[in-house]
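Both ligands and their constituent atoms are indexed starting at 1 by order of listing.
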Amino acid sequence: MEKLKEKFAEKALPVAVEMKQFLKEHGDKVVSEVSVAQVFGGMKGVPSMITETSKLDPDEGIRFRGYSIPELREKLPKALGGFEPLPEGIFYLMLIGDLPSENDVLDLTADWGRRAIVPKHVFNVLDALPPHSHPMTQFSIGIMALRTESIFREEYHKGMHKQDYWSATYEDAMNLIARVPRIAAYIYRRMYRADDHIEPDPKLDWAANLAHMLGFDSDEFKRLMRLYMTIHSDHEGGNVSAHTNHLVGSALSDPYLSFSAAMNGLAGPLHGLANQEVIRWIFAMQEELGTPRPTKDQINEYVNKTISEGKVIPGYGHPVLRKTDPRYSAQKEFAERYIQNDELIDTVHNIYEVVPPILKSLGKVKNPWPNVDAHSGALLINYGLTEYDFYTVLFGVSRALGCMAQLVWDRALGSPIERPGSTTLEILKKKVGAD
Ligand code: NMX
Ligand code: MLT
């Protein structure tokens, strides 16, 4: 068995035993009550699943195995001469629970490099789609086409024992992570670079290779991709993409089915598609106002107009967070370090000053602060990746790290099929004694 897989087994299998014992002893204790508002409100705040990879605090933001984003930017191994963590490191941390060494990360890069070959039929399937299909449609279909390679599916068909589920899932998860950058880059080059495709470079790390295959070879863009892939990877278990991955996986659907479904959730404008919507909204504002650098007064007016038209301000608000998303702040710091005098980035920072007071004044928005999507597009545009329809695919490539780490844990812990209860208005009325 390879080293990482062995380490995972050593770590996870005793946790599975501990969890069974914990459940046996404490299974009947009550940890939460559910209000009527939560039943109607998308189950927010109802603890209803176990996710070990990361935990979201409303005020502090995400912590991966206890580490905040600023801590991880300092502590995770970096590429030679770089400031940004290698995403290999965050995956290792989520999977194993400990910070990786430089060698652990190098081993992962090499392992994913070996697994990265995408079979030709996947490209044929993508080529068969109309070129104007949204990149997220293509991404989801590309992942489904890759399902021919599922080891879990094959082993299940042969009659695999329950205790081996995690092992087959691990193999699929690692192969999927290794291959999605190639699929994403293929979609990009097909749609926007006249089918002029670029082969992976085996000398590069996972994120740098993605940058290379997209056709962006500068050191700075590679650094951006390392940061981007690290910070978008996971946001505990309840967000739409991770939860979908978990839910579909709970039926023992293999990782390709689960992750493709997760990507269909990520493609919604209230979730990951918000990164393209932010740029679309800013461009529309610039066009309407006839200036690439609107003043704060002009932004104010445009924000009010957007709200009065019954639309949301993309990139602002969050179902859990109640402060500025630390992923927004990490990207702002990146911009301040590397980019000076950029009209779009300055506009993003001006929007940050204008939007929160307006959203607060509405009296209903629970979180008026920016989320991860408010900043990411402006950075990509600065480096020439201007095709904003594609941005959610990049979010999706990163999310493969979290979703796959979560799914391997689900299988190791023997997570059962998920099946929450539903109720009716009549039943609720009776329960609370309403007429
Ligand atoms: N602009 C205008 N109105 C908003 C916004 C916003 N950015 N955020 C929330 N509201 C409204 C919301 O539509 C709702 O209105 P109504 O009662 O009339 O239906 C009200 O405020 C209460 O919503 P909340 O409870 O604060 O937010 P909720 O948890 O339901 O939704 C989001 C969270 C993220 C879906 C919501 O804030 C939103 O639509 N934001 C804009 C889209 C976005 O940036 N999504 C990306 C999230 C991060 N990600 O990558 O997934
Ligand atoms: C995410 O990264 O998944 C988003 O911030 C949405 C969420 O956490 O619900």
Contact region, V312 to ligand 1, non-hydrogen atoms below 4.0 Å, reads both

* Asked: Would you say atom 18 (O) of ligand 1 touches the protein, meaning some protein heavy atom is under 4.0 Å from it?
  -> yes

If we only count N/O pairs under 3.5 Å, is I313 in contact with ligand 1?
yes

Heavy-atom proximity to atom 5 (O) of ligand 2, picking from H318, K44, R399, points to H318

Per-atom filter on ligand 1: closer than 4.0 angstrom to a heavy atom of A274 are 43 (C), 44 (O), 45 (N), 46 (C)

Exercise. Please determine if R337 forms a cation-pi arrangement with F83, meaning its NZ or CZ atom is less than 6.0 Å from the six-membered ring centre and no more than 45° off the ring axis.
Key: yes

Residue, atom and distance of the protein heavy atom nearest atom 22 (C) of ligand 1 read K364 O, 3.4 Å

Check: Between K311 and ligand 1, is there a nitrogen or oxygen pair with a distance under 3.5 Å?
Finding: no

Ligand 2 atoms nearer than 4.0 angstrom to some heavy atom of N239 are 3 (O), 6 (C), 7 (C), 8 (O), 9 (O)

Under 4.0 Å from one or more heavy atoms of K44, ligand 1 contributes atoms 29 (O), 30 (O)

closest protein heavy atom to atom 26 (O) of ligand 1 is K366 N, 2.8 Å

One finds that the ligand 2 atoms under 4.0 Å from a non-hydrogen atom of H235 are 1 (C), 2 (O), 3 (O), 4 (C), 5 (O), 7 (C), 8 (O)

For H318, the ligand 1 atoms with a heavy-atom partner under 4.0 Å come out as 33 (C), 34 (C), 37 (O)

In this structure, atom 35 (C) of ligand 1 is nearest to the protein heavy atom L270 CB, 3.8 Å

Problem set entry | Neighbour count above 12 (heavy atom, 6.0 Å) for M43 CE | no

Ligand 1 atoms nearer than 4.0 angstrom to some heavy atom of G315 are 43 (C), 44 (O)

